[in-house]
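One structure is given below, encoded as structure tokens.
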Amino acid sequence: MKRACVIGWPVAHSRSPLIHGYWLKRYDIEGEYVKEPVHPEEIDGFISDIAAHGYIGANVTVPHKEAAFRVAENIDATARNVGAVNTLWLQDGVLCATNTDIYGFLRNLDDQVPDWDTTSLPAAILGAGGAARAIIGALLDRGFNEIRLINRTRERAENLAAIFGDVLSIHDWQVRSSALRGCGLLVNTTTLGMKSSSPLEIELNALAPRAVVHDIIYAPLETQLLARAAQHGFRVADGLGMLLHQAVPGFEKWFGVRPEVTRELRNIVLADLNA
Ligand code: ATR
């Protein structure tokens with residue numbers, strides 16, 4: 001039986017087993033997908049010995065995405081650009097790696113707001129962590145040529161600007177509302193607005209008419225940011241689709257079927273998030 005897992009610390013909250021379990025059943029595949037809590041001190045050994053643990057591949061989540069990047073043998077260009085790995089698979093005994101967050105981000109927006117990529121207008125990103133880095137890469141792939149990066153800790157924004165260059169401009173957290181002036185896309189990658197976190201305080205008036213507002217947070221599904229954006233008449237995209245779509249390439253690599261993100265799957269994960 002083919003076995004895959006999600007590696008994290010902690011990993012109890014991961015919805016990946018629910019997603020892959022749904023597909024295994026739907027496509028009648030004899031396989032298994034489980035959670036593997038791995039302590040940071042043991043992560044390098046675990047990943048390099050993944051076959052000995054009985055797995056043909058894995059997803060990697062917080063805080064191990066950089067460790068996976070360090071340990072994997074054959075890393076594709078997408079993961080190299082992001083500097084982090086979230087999907088591993090064995091090919092002829094070689095541990096291969098990619099990052100499917102960019103794919104998940106783009107597919108989700110394409111699904112929820114088909115003409116979201118108004119690249120003639122600037123985009124604004126809140127946050128400068130790993131998710132922001134992947135999303136900047138995705139926006140550059142789509143042809144955006146002005147991205148405003150707004151982060152509480154300026155140094156982290158500067159680190160990203162050093163990687164991506166002049167297309168990024170850095171704006172202080174205190175001026176986040178005015179930094180949105182004329183932007184056609186706003187993406188929140190901070191943790192503000194999550195169920196157990198503080199709210200995200202920001203004024204949206206300065207965004208361009210018909211701007212798109214996307215929150216990568218999916219618990220709650222409709223964050224305050226998205227609710228306020230909808231009140232303003234902006235187009236909105238929630239974060240759940242990104243989670244579902246980023247799982248597709250991994251499943252295909254491990255189990256040989258390209259799975260479909262269905263309304264039914266979305267409802268199952270949503271019910272679990274609300275439980
Ligand atoms: P990930 O790698 O998943 O993107 P992360 O590295 O923990 O996650 O980044 C979280 C983001 O949320 C960061 O940009 C963080 O800002 P700092 O770089 O200043 O830490 C942002 N964030 C978290 N709590 C915040 C708060 N109370 N106010 C403003 N930004 C916050």
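Quick caveat, the model's predicted, so the values are computed rather than measured. Remember, it's 1-based here, ligands and their atoms both numbered in the order they're listed.
- In this structure, ligand 1 sits under 4.0 Å from heavy atoms belonging to Gly127, Ala128, Gly129, Gly130, Ala131, Asn151, Arg152, Thr153, Arg156, Trp173, Thr190, Thr191, Leu192.
- Ring-plane geometry between Tyr27 and Phe251 is classed as tilted, the angle between the planes lying from 30 to 60 degrees on a 0 to 90 degree scale.
- Comment: Glu158 does not engage Arg156 in a salt bridge, judged by the lack of any side-chain N to carboxylate O separation of less than 4.0 angstrom.
- If you look at Tyr55 and His53, their ring centroids are not closer than 6.0 Å.
- Among residues at least two apart or in separate chains, salt bridge (Lys or Arg N to Asp or Glu O under 4.0 Å) pairs with a member in residues 27-37 are Arg3-Glu32.
- Identified under the salt bridge (Lys or Arg N to Asp or Glu O under 4.0 Å) test for residues 244-258, with sequence neighbours left out: Glu252-Arg258.
- Applying the salt bridge (Lys or Arg N to Asp or Glu O under 4.0 Å) test to pairs two or more places apart or on separate chains, those with a residue in residues 165-186 are Arg154-Asp172.
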